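One-based numbering, in listed order, for ligands and for the atoms of each. Remember, it's a predicted structure, so these values are computed and weren't measured experimentally.
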Amino acid sequence: MNASVLDLAHLPTDLFIDGRWDAPSFDTRIEVIDPSTQQVIATVANATEADAQRAVDAAAKAAPAWAATPPRVRSEILRRCFELLVRDSEQLAVLISRENGKSLGDARGEVAYAAEFFRWFAEEAVRIEGDLSRAPSGQARTLVQYEPIGIALLVTPWNFPAAMATRKIAPALAAGCTCILKPATDTPLTALLIARILAEAGVPDGVVNVLTTRSAGKLCAQMLDDPRVRKLSFTGSTEVGRVLLRKAADSVVNCSMELGGNAPFLVFDDADIDVAIEGAMLAKMRNGGEACTAANRFYVQRGIHAEFSQRLAARMAALRVGDGADPQTQCGPLINAGAVEKVASLVRDALDKGARLLAGGDAPQRVGYFYNPTVLVDVPANADLLREEIFGPVAPIVVFDHEDEAIEAANATEYGLMAYVFTRDLARGMRISERLESGMIGLNRGIVSDPAAPFGGVKQSGLGREGAHHGMLEFLEAKYISVNW
Ligand code: NAP
């Protein structure tokens, strides 16, 4: 791919409100930095409270007509969004690797995944079902129909700048809701380009609005205080999720929360080691480790531990680290300097406590926010990186002997988003899957994300599900009508 697909000078960088592009009058602009080069590649508008007010006004104005738009028409617009995202996929992929740093291969994968939410929810938009039953007393009929929940505030992180936005926008629109998207400040350009594509696809003015801002806390609080906003769908850290849940409580706003993870990756002696290594590379290195589903801790049974560790270390050490937009790159930079410092300090802590390095353990000497793919063994139970999201290319390996020991260690976390299990014994695989406290399990698979499947976590990894039929229900409210005829 050549970078000429992307014309940075003609990307949208202003706010998108009511189908128009504009910037606040006292616009201080936000710099967008390419983490591979540390160069500023664009500046975007910095929304104020007045802009947030205008965005809610626009979403409110558009809401009745959009809710009344026949599902078939909504479906066809969503299908067109899918087609145009596919048409522009290379441009989006290059943009994602420029502003986020992920390798072009990962960025292409993300765009395909992101577009797929529109195809899936185009199909779901015409399948909003209800129920009719006879009340147990026999005195009435119970009619339940599903209605759009109302204006939705969508807040997304920087690690999947396209897919986290479309995973919310597509079901919101399919359900008949209008929305305001607040993308992450590190990666606002992808969201703005998607907004332009959706407008071209025929999404009416005011149905999708995008606010980029350096004042996320203030503006989100203001919008959640507005009684017209009835839904908050957030993807990001558990820490910010807790803040938003508290705020949403003031107006009893319905919340969907996709939060942090600390995925265990369990490998049993009877696993197919080739499959387990491929799975480990995918689960650990998709997005350079900056994924909520990333394998954060590897628990490997004693009989297979040495071979697994050595082979994983060899694969990790052989990865080509480089500029995200370079097609040869297999591992791009982290998002910013703070992320590199966090990863480096987690590795230092593990080494100080007795872990041993098999690969990496340092940052390459070059411009950009890089950290080398790293494998650690003999990681002690008190190492911080077994408890915290690493969000980088670091694989800590712990040896275990018995199944119960592995399950206990895997569940010893406040998170419960994703877990991986590798064994040839399917009965064991199913037994363990049922005992793991996790919203999603990859059984002999290193990747599970699929728009047709319910994505989400238990415990402090979140509330609700995205994708599948479940993703629509997050934007619908049941109305019960008791009928006497
Ligand atoms: P983050 O710091 O929680 O930020 C997420 C979003 O929230 C950003 O748009 C951010 O805006 C905004 N935000 C920050 N403080 C806020 C506040 N007080 N009120 C309202 N909005 C606020 O997370 P991140 O660092 O971008 O993303 C990484 C995290 O996301 C990881 O924990 C990862 O596991 C999680 N994640 C979860 C899933 C999932 O599906 N479960 C998927 C992807 C990522 P600014 O950018 O302006 O700060």
Test item: Arg29 and Asp14 side chains (from C-beta on) under 4.5 Å apart, heavy atoms:
yes

Report yes or no: is the cationic atom of Lys102 (NZ for Lys, CZ for Arg) closer than 6.0 Å to the six-membered ring centre of Phe160, at no more than 45° off its axis?
yes

Any protein N or O within less than 3.5 Å of an N or O in ligand 1? List each pair with its distance, or say none.
{"residue": "ligand 1", "atom": "3 (O)", "partner": "Ser237", "partner atom": "N", "Å": "2.8"}
{"residue": "ligand 1", "atom": "3 (O)", "partner": "Ser237", "partner atom": "OG", "Å": "2.6"}
{"residue": "ligand 1", "atom": "9 (O)", "partner": "Thr156", "partner atom": "O", "Å": "2.7"}
{"residue": "ligand 1", "atom": "9 (O)", "partner": "Lys182", "partner atom": "NZ", "Å": "3.0"}
{"residue": "ligand 1", "atom": "11 (O)", "partner": "Lys182", "partner atom": "NZ", "Å": "2.8"}
{"residue": "ligand 1", "atom": "23 (O)", "partner": "Ser237", "partner atom": "N", "Å": "3.4"}
{"residue": "ligand 1", "atom": "25 (O)", "partner": "Trp158", "partner atom": "NE1", "Å": "2.9"}
{"residue": "ligand 1", "atom": "26 (O)", "partner": "Trp158", "partner atom": "NE1", "Å": "3.2"}
{"residue": "ligand 1", "atom": "30 (O)", "partner": "Gly236", "partner atom": "O", "Å": "3.3"}
{"residue": "ligand 1", "atom": "32 (O)", "partner": "Glu389", "partner atom": "OE1", "Å": "2.7"}
{"residue": "ligand 1", "atom": "34 (O)", "partner": "Glu389", "partner atom": "OE1", "Å": "3.4"}
{"residue": "ligand 1", "atom": "34 (O)", "partner": "Glu389", "partner atom": "OE2", "Å": "2.5"}
{"residue": "ligand 1", "atom": "40 (O)", "partner": "Arg167", "partner atom": "NH2", "Å": "2.7"}
{"residue": "ligand 1", "atom": "40 (O)", "partner": "Glu258", "partner atom": "OE1", "Å": "3.4"}
{"residue": "ligand 1", "atom": "41 (N)", "partner": "Leu259", "partner atom": "N", "Å": "3.3"}
{"residue": "ligand 1", "atom": "41 (N)", "partner": "Leu259", "partner atom": "O", "Å": "2.8"}
{"residue": "ligand 1", "atom": "46 (O)", "partner": "Thr185", "partner atom": "N", "Å": "2.8"}
{"residue": "ligand 1", "atom": "47 (O)", "partner": "Lys182", "partner atom": "NZ", "Å": "3.4"}
{"residue": "ligand 1", "atom": "47 (O)", "partner": "Thr185", "partner atom": "OG1", "Å": "2.4"}

Would you find more than 12 non-hydrogen atoms of other residues, nucleotides or ligands less than 6.0 Å from Glu408 atom CD?
no

Mind checking whether Phe265 and Phe422 have parallel, tilted or perpendicular rings, split at 30° and 60°?
parallel

Can you list the steps and then say if Arg79 with Glu123 is a salt bridge (charged side-chain N to carboxylate O under 4.0 Å, His left out)?
CA-CA 8 Å; Arg79 172 75 201 192; Glu123 292 157 355; 5.1 Å; no

Thr187 and Asn100: side-chain donor and acceptor closer than 3.5 Å?
no

